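Reviewing the structure listed below.
Start at 1 and go down the list; that is how both ligands and their atoms are numbered. Predicted, not measured: the structure shown is a model, and the values here were computed from it.
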Amino acid sequence: MSTQHGVKRVAVIGAGQMGGGIAQIAAVAGFDTVVFDANADAIGRCEKTHDKLLARGVEKGRMTEGDAAAAKGRLTYASGFDAVAGADIAIEAVVEDAGVKREIFAKLAGVLTGDQILATNTSSISITEIGAATDCPERVIGMHFFYPVPVMKLVEVINGLATDKGVTARVIALSEAMGKVAVPANDRAGFVSNRVLMPMINEAFYAWMEGVAEPEHLDEIMKLGMNHPMGPLRLADFIGLDTCAHIMNVLADGLHAERYRPCPLLEQLVVAGRLGNKSGRGVYDYSG
Ligand code: CAA
């Protein structure tokens, strides 16, 4: 396979939920895909999830058994960074920590020294800042997928200050080859998706805190009234309350505006360990 994107082999850095989802759709779309994670447990969980979701795709008639086996055959899992060499694009999906990402991109730039693309799935960290950690910021770009990756159609493609237009065109072509719709945005805190989504979620916490409505009623109003698949508080649980609070702080810092700080009630739930679906309780209780 060699088209406008020029990609045959994809390296995904990070075997968490986002990285695993990105690797899955890349392999299903026909790309040789390696998933790198230094944590062997994360790799094991990622491979199990791939087996489960590919089997589910067959069960649901979205692919044949042969397609699923071929996709699995294109996936490899590695806990050594050397596995990244030979990729035409690296898509990083590790923890949302600017320091960690800068370190990874400096390493990637040292291994992928040609015209390979260095993409990050960050949801809010500056692409320009990540690019500045390398000697090739023109090859660094944001490729923001949405959770759950196999289901959500969008890739928000974010250009840093130095991103080359040719790299943007290749990433748009690659996203489309992966079955997604790519939409470009520029590099301001939160880009478009989280600049607009997170203040809505934050406002829902304020409305709840002020007693405007109970969470169930608030969510029902937004779900049915706006035709959203889930209400904002349920969505906050789905994304993770810690992630929502973190992104609000990134918006406040990046846009120099205190009005973006997380709602005190959101912060309080995070401090209490109520992080949403992943911890069994957030706004709602998932223990049952
Ligand atoms: N992983 C993989 N597949 C999943 C999944 C997951 N975590 N959760 C649901 N699915 C799949 C289901 O398996 C199902 O597929 P099948 O055909 O195999 O059954 C399909 O999605 C639909 O699921 P359900 O029928 O169970 O439920 P639903 O129709 O209510 O859809 C939903 C579930 C797709 C999650 C839907 O509620 C939805 O779209 N919610 C909003 C999601 C959203 O806004 N995501 C973006 C979050 S923001 C973000 O990611 C970016 C950021 O920077 C924070």
Around [atom], find the nearest protein heavy atom and jot down its residue, atom name and distance.
atom	value
atom 54 (C) of ligand 1	Ile239 CG2, 3.8 Å
atom 6 (C) of ligand 1	Pro148 CB, 3.4 Å
atom 43 (C) of ligand 1	Met152 CE, 3.5 Å
atom 3 (N) of ligand 1	Val151 CG2, 3.8 Å
atom 35 (C) of ligand 1	Phe238 CZ, 3.6 Å
atom 15 (O) of ligand 1	Arg62 NH1, 4.2 Å

If we only count heavy atoms from C-beta on, is the [X] to [Y] side-chain gap below 4.5 Å?
X	Y	result
Leu154	Val183	yes
Val100	Glu103	no
Tyr260	Asn202	no

Could you tell me, atom by atom, which parts of ligand 1 come under 4.0 Å of a heavy atom of [X]?
X	result
His144	51 (C), 52 (C), 53 (O)
Pro229	38 (C), 39 (O), 40 (N), 41 (C)
Ser123	53 (O)

Heavy-atom protein neighbour under 4.0 angstrom from [atom]:
atom	result
atom 26 (O) of ligand 1	no
atom 40 (N) of ligand 1	yes
atom 1 (N) of ligand 1	yes
atom 23 (O) of ligand 1	no
atom 45 (N) of ligand 1	yes
atom 30 (O) of ligand 1	no
atom 52 (C) of ligand 1	yes
atom 12 (C) of ligand 1	no

Just to be sure I read this right, does ligand 1 sit under 4.0 Å from the backbone of Val149, its side chain, both, or neither, counting only heavy atoms? neither
Does ligand 1 have an atom under 4.0 Å from some heavy atom of Gln17? no
Among the heavy atoms of Glu59, does any lie under 4.0 Å from an atom of ligand 1? no
When you measure from the centre of the six-membered ring of Phe81, is the NZ or CZ of Lys107 closer than 6.0 Å and no more than 45° off the axis? yes
Lys/Arg cation over aromatic Tyr284: Arg234, 6.0 Å, 45° cone: yes
Just verifying a value: how many Å separate Arg274 CZ and Asp242 CG, rounded to the nearest 0.5 Å? 14.0 Å
Rounded to the nearest 0.5 Å, what separation is found between the CD atom of Glu267 and the CZ atom of Phe205? 11.5 Å
So Tyr77 and His50, would you call those rings parallel, tilted or perpendicular, with 30° and 60° as cut-offs? tilted
Kindly assign one of parallel, tilted or perpendicular to the pair Tyr147 and Phe238, based on the angle between their ring planes and the thresholds 30° and 60°. tilted
Please compare Met230, Arg56, Met18 and report which has the shortest non-hydrogen distance to atom 37 (O) of ligand 1. Met230
Of Phe146, Phe145, Tyr147, which has the heavy atom at the shortest distance from atom 7 (N) of ligand 1? Tyr147
Between [X] and [Y] (salt bridge meaning N to carboxylate O under 4.0 Å), is one present in this structure?
X	Y	value
Glu96	Lys101	yes
Arg261	Glu258	yes
Lys72	Glu47	yes

Does the N or O separation between Thr243 and ligand 1 drop below 3.5 Å for any pair? no
Give a yes or no on this: more than 12 heavy atoms of other residues, nucleotides or ligands lie within 6.0 Å of atom CD of Gln268. no
Looking at every non-hydrogen atom in both residues, tell me the closest pair between Lys278 and Thr243 and how far apart they are. NZ-OG1, 4.0 Å
